[in-house]
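Everything below concerns the one structure shown next.
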2 protein chains.
Amino acid sequence: MSQMLQIHDQLREMILSLDLGPGERLTERWLESRFEGSRTPIRAALVRLEGEELVRRDGRNWIVAPIDLGELEALAEFRIPLETTAVRLACARASAADIAAVEEMLDACQSGAPREEWHRVGTDFHVEIARLSGNPFIVKAIKGAMTRLSRARWLEVWTEPSREQAWREHRRILGFIKANDPEAAAREAADHITDTRDRLLRSLNEDRRGLRARGFAVIGLR
Amino acid sequence: MSQMLQIHDQLREMILSLDLGPGERLTERWLESRFEGSRTPIRAALVRLEGEELVRRDGRNWIVAPIDLGELEALAEFRIPLETTAVRLACARASAADIAAVEEMLDACQSGAPREEWHRVGTDFHVEIARLSGNPFIVKAIKGAMTRLSRARWLEVWTEPSREQAWREHRRILGFIKANDPEAAAREAADHITDTRDRLLRSLNEDRRGLRARGFAVIGLR
DNA sequence: TATCCCAGTTTGGTATCCCAAACAAGGCTA
DNA sequence: TAGCCTTGTTTGGGATACCAAACTGGGATA
């Protein structure tokens with residue numbers, strides 16, 4: 001794989017895992033020494049990440065895209081029509097094997113699994129459901145939305161009951177798809193998105209102090 | 001503005017106006033002489049355009065993204081839930097002034113206007129409607145979808161009646177938003193997307209020969 | 001002491017250089 | 001003559017050189 005893509009992937013991972021703080025400045029020279037490559041591939045990776053809105057220009061400088069918690073509502077509003085459409089289409093189009101594969105993914109994440117695992121599966125579930133719709137544009141949009149959500153979800157303080165509930169909701173959505181009940185699946189999906197958004201906002205609000213202590217600007221959080 | 005952005009915008013325009021044929025190969029050296037800049041900003045522009053999926057890699061080479069007419073259905077399927085949501089939200093949120101601005105845009109495009117004008121307004125209308133929703137994610141998604149559609153729309157053979165009908169449908173959607181009738185607006189928007197897709201597909205099917213003559217691969221057209 | 005200014009440094013933007021891989025054409029061989 | 005190999009050319013990937021603008025810090029000045 002080209003050096004540029006390696007740098008892109010590593011940098012992307014560092015950003016999404018909050019290894020690099022939101023709003024943090026990135027100088028090309030620092031990245032040069034960090035990744036032991038010249039500025040050419042580094043610039044290409046930055047331009048690419050800019051397209052994914054994980055990195056942004058601030059005047060002439062590069063910065064890690066800040067987290068704007070104010071967009072959480074808009075994000076849910078965006079996801080609901082897309083994901084309800086996705087589950088409806090999934091009912092009509094998904095094969096039993098495809099559905100089983102998603103079910104397996106859920107099963108593979110047991111309650112003892114590390115937090116990274118829960119985080120990843122919690123994101124991938126929605127992307128995989130979108131994939132069942134067979135519509136590549138829906139998949140791409142959901143993937144982007146979940147990426148956008150990803151860092152805020154790392155900040156969430158996960159309690160065992162809330163995690164359990166999200167889990168049940170995932171299972172219910174999948175169950176309705178399996179039972180070929182598109183309207184119930186759509187209702188469940190919409191409710192799940194709303195519930196998840198509320199849980200996230202509540203958690204972040206209760207933890208404002210903790211967020212500040214960890215150096216995260218809580219812009220946009222009402 | 002930086003040279004890179006200039007090159008990006010020009011190249012983007014050339015691609016969207018079919019000045020550069022879909023599938024055509026782009027060599028960095030040719031672009032270098034064409035834009036009288038060095039390869040550094042050109043490569044940055046290409047990476048950026050790759051993110052917008054207007055340019056693509058073909059092995060090590062760069063090519064203009066081919067038009068895949070097969071994605072027209074999926075594109076309509078993607079737009080319907082988003083645009084129906086957009087008009088519903090617009091009813092709740094858009095100010096009279098914002099609505100009037102869109103109306104003015106439609107008025108400004110009289111029947112004697114050049115085709116470029118019709119093409120542009122026909123795209124911008126949907127983006128502006130999305131903007132009335134107040135949801136930036138919807139705006140961005142619709143903008144992307146309309147970009148994706150743009151080149152196929154250039155290939156369409158526009159008849160006066162079909163253009164008139166699209167026009168009436170735009171007015172009707174806006175009318176229902178103005179009258180604050182979200183469900184009627186949503187129904188109208190969905191119908192419009194379906195109708196437009198059908199008109200486009202019919203036109204392209206009837207003109208397969210013409211497309212081939214103009215050197216466009218008609219991949220994906222059923 | 002507060003403010004302004006200027007030189008030195010750092011940064012991103014651009015141009016150019018080098019290289020290895022892909023490609024193409026021509027000639028050699030079976 | 002058909003297929004293969006060789007070799008010269010072109011290409012994109014990466015490294016480096018150079019520049020102008022932005023920033024920084026320290027010292028002169030009011």
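Throughout, a chain's letter reflects where its sequence line sits, starting with A, and its residues are numbered from 1. Only a predicted model underlies this, so the values are computations on that prediction, with no experimental measurement involved.
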Distance-only, no hydrogens or angles: does the [X] side chain make a donor-acceptor pair with backbone N or O of [Y] under 3.5 Å?
X        : Y        : result
B:His119 : B:Ser150 : yes
B:Thr123 : B:Met146 : no
A:Arg153 : A:Leu200 : no
B:Arg56  : B:Ile63  : no
B:Glu24  : B:Gly21  : yes

(request) Name the orientation class of the two ring planes belonging to A:Trp158 and A:Trp118 (parallel below 30°, tilted from 30 to 60°, perpendicular beyond 60°). (result)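 Perpendicular.
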
(request) Only pairs at least two apart or in different chains count here, so list each salt bridge (charged side-chain N to carboxylate O under 4.0 Å, His left out) that has a residue in residues 32-44 of chain A. (result)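 Qualifying pairs, neighbours excluded: A:Glu28-A:Arg39, A:Glu28-A:Arg43.
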
(message) Between the side chains of B:Glu77 and A:Arg93, is the shortest nitrogen-to-carboxylate-oxygen separation below 4.0 Å, so that they form an ion pair?
(response)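 Salt bridge between A:Arg93 and B:Glu77, a charged N being under 4.0 Å from a carboxylate O: yes.
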
(request) Check DNA chain C against residues 30-38 of chain B and give the residues with a non-hydrogen atom under 4.0 Å, in numerical order. (result)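 B:Gly37, B:Ser38, in order of number.
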
Using nucleotides 9-13 of chain D, report all nitrogen or oxygen pairs with the protein that are shorter than 3.5 Å.
| from | atom 1 | to | atom 2 | distance (Å) |
| --- | --- | --- | --- | --- |
| D:dT11 | O3' | B:Arg25 | NH2 | 3.3 |
| D:dT11 | O2 | B:Arg60 | NH2 | 2.6 |
| D:dG12 | OP1 | B:Leu26 | O | 3.4 |
| D:dG12 | OP1 | B:Glu28 | N | 3.3 |
| D:dG12 | OP2 | B:Glu28 | N | 3.0 |
| D:dG12 | O3' | B:Arg57 | NH2 | 3.3 |
| D:dG12 | N7 | B:Arg29 | NH1 | 2.4 |
| D:dG13 | OP1 | B:Arg57 | NH1 | 3.3 |
| D:dG13 | OP1 | B:Arg57 | NH2 | 2.8 |
| D:dG13 | N7 | B:Arg39 | NH2 | 3.0 |
| D:dG13 | O6 | B:Arg39 | NH1 | 3.1 |

(request) Figure out the CG/P separation between A:Asp58 and C:dG12, and round it to whole Å. (result)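 These atoms are roughly 12 Å apart.
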
(request) Could you check which nucleotide pairs with D:dA30 in any of the strands shown, counting Watson-Crick or G-U wobble with both distances under 3.5 Å? (result)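 For D:dA30, the partner nucleotide comes out as C:dT1, under the 3.5 Å rule.
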
